[in-house]
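Here's the structure, in structure tokens; my notes come after.
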Amino acid sequence: DDEIAKGKAATADLRGLIDSGTPFVVPVYDAKGRQLDSVYGRLQGRLIVVRRESGEIVDVAEWMTERGHVRTNQGSTK
């Protein structure tokens with residue numbers, strides 16, 4: 001199935017990214033300096049990876065979107 005193949009490719013890419021460095025969760029704050037939370041009270045954050053070789057900071061959500069691994073609407077990927 002095409003959807004399974006896309007999922008496996010996304011998983012392999014994500015594993016490669018995480019293996020290339022150290023993952024961190026960075027808290028998300030509003031303009032007043034308060035950490036944002038969801039409607040369920042869960043704190044929000046961004047997952048980043050700091051690459052071991054270059055020191056580059058990679059935002060995982062942006063990285064996955066750039067590679068077409070994030071659905072842009074129901075049932076399809078970019």
Side-chain angles (χ1 to χ4, degrees):
D1 173 62
D2 188 45
E3 198 66 21
I4 291 171
K6 288 178 185 178
K8 287 182 179 183
T11 299
D13 278 356
L14 181 57
R15 280 192 181 129
L17 174 63
I18 291 173
D19 288 346
S20 76
T22 304
F24 294 94
V25 175
V26 178
V28 177
Y29 296 93
D30 67 12
K32 294 182 180 181
R34 297 174 298 205
Q35 189 171 0
L36 297 178
D37 60 358
S38 71
V39 295
Y40 302 105
R42 298 181 187 121
L43 296 177
Q44 295 186 23
R46 302 286 298 182
L47 179 60
I48 65 166
V49 172
V50 179
R51 292 192 187 247
R52 216 172 351 273
E53 296 289 320
S54 65
E56 174 189 12
I57 298 172
V58 180
D59 181 302
V60 174
E62 290 176 10
W63 190 87
M64 293 294 282
T65 300
E66 289 168 1
R67 282 154 185 74
H69 296 313
V70 177
R71 291 181 180 182
T72 55
N73 58 35
Q74 201 170 42
S76 71
T77 56
K78 205 173 187 182

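Neither Val28 nor Ile48 shares a network with the other; the hydrophobic side chains, linked directly or stepwise wherever heavy atoms of I, L, V, M, F, W or Y lie under 4.5 Å apart, form separate groups for each. Put simply, Val25 and Met64 are part of the same group of oily side chains (I, L, V, M, F, W, Y) that touch within less than 4.5 Å, one to the next. Hydrophobic cluster membership differs between Ile57 and Val60, with clusters built from Ile, Leu, Val, Met, Phe, Trp and Tyr side chains linked at under 4.5 angstrom.
The local environment of CG in Leu36 is crowded, with over 12 non-hydrogen atoms from other residues, nucleotides or ligands closer than 6.0 Å.
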Show every donor-acceptor pair shorter than 3.5 Å between a side-chain atom in residues 7-14 and any protein atom, with sequence neighbours excluded, or say none if there are none.
from  : atom 1 : to    : atom 2 : distance (Å)
Thr11 : OG1    : Gly7  : O      : 2.9
Asp13 : OD2    : His69 : NE2    : 2.6

Derivation of the side chain to side chain contact (heavy atoms under 4.5 Å, CB included) call for Arg51 and Thr22: CA-CA 7 Å; Arg51 292 192 187 247; Thr22 304; over 6 Å; no
Residues Arg42, Asp37; criterion side chain to side chain contact (heavy atoms under 4.5 Å, CB included); working and verdict: CA-CA 5 Å; Arg42 298 181 187 121; Asp37 60 358; 5.9 Å; no
Arg46 and Asp59: CA distance, side-chain angles, deciding distance, side chain to side chain contact (heavy atoms under 4.5 Å, CB included) verdict: CA-CA 7 Å; Arg46 302 286 298 182; Asp59 181 302; 2.9 Å; yes
Test side chain to side chain contact (heavy atoms under 4.5 Å, CB included) applied to Val49 and Ile18, step by step: CA-CA 6 Å; Val49 172; Ile18 291 173; 4.3 Å; yes
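The heavy-atom pair separating Leu47 from Pro23 by the smallest distance is CD1-CB, 4.2 Å.
Note on Glu62 versus Arg67: no salt bridge recorded, every NZ/NE/NH1/NH2 to OD/OE distance being 4.0 Å or above. With respect to the salt-bridge test (charged N to carboxylate O, under 4.0 angstrom), the residues Asp19 and Arg15 do not qualify.
Note that CD of Gln44 and CG of Asp30 are 10.5 Å apart. Values are rounded to the nearest 0.5 Å.
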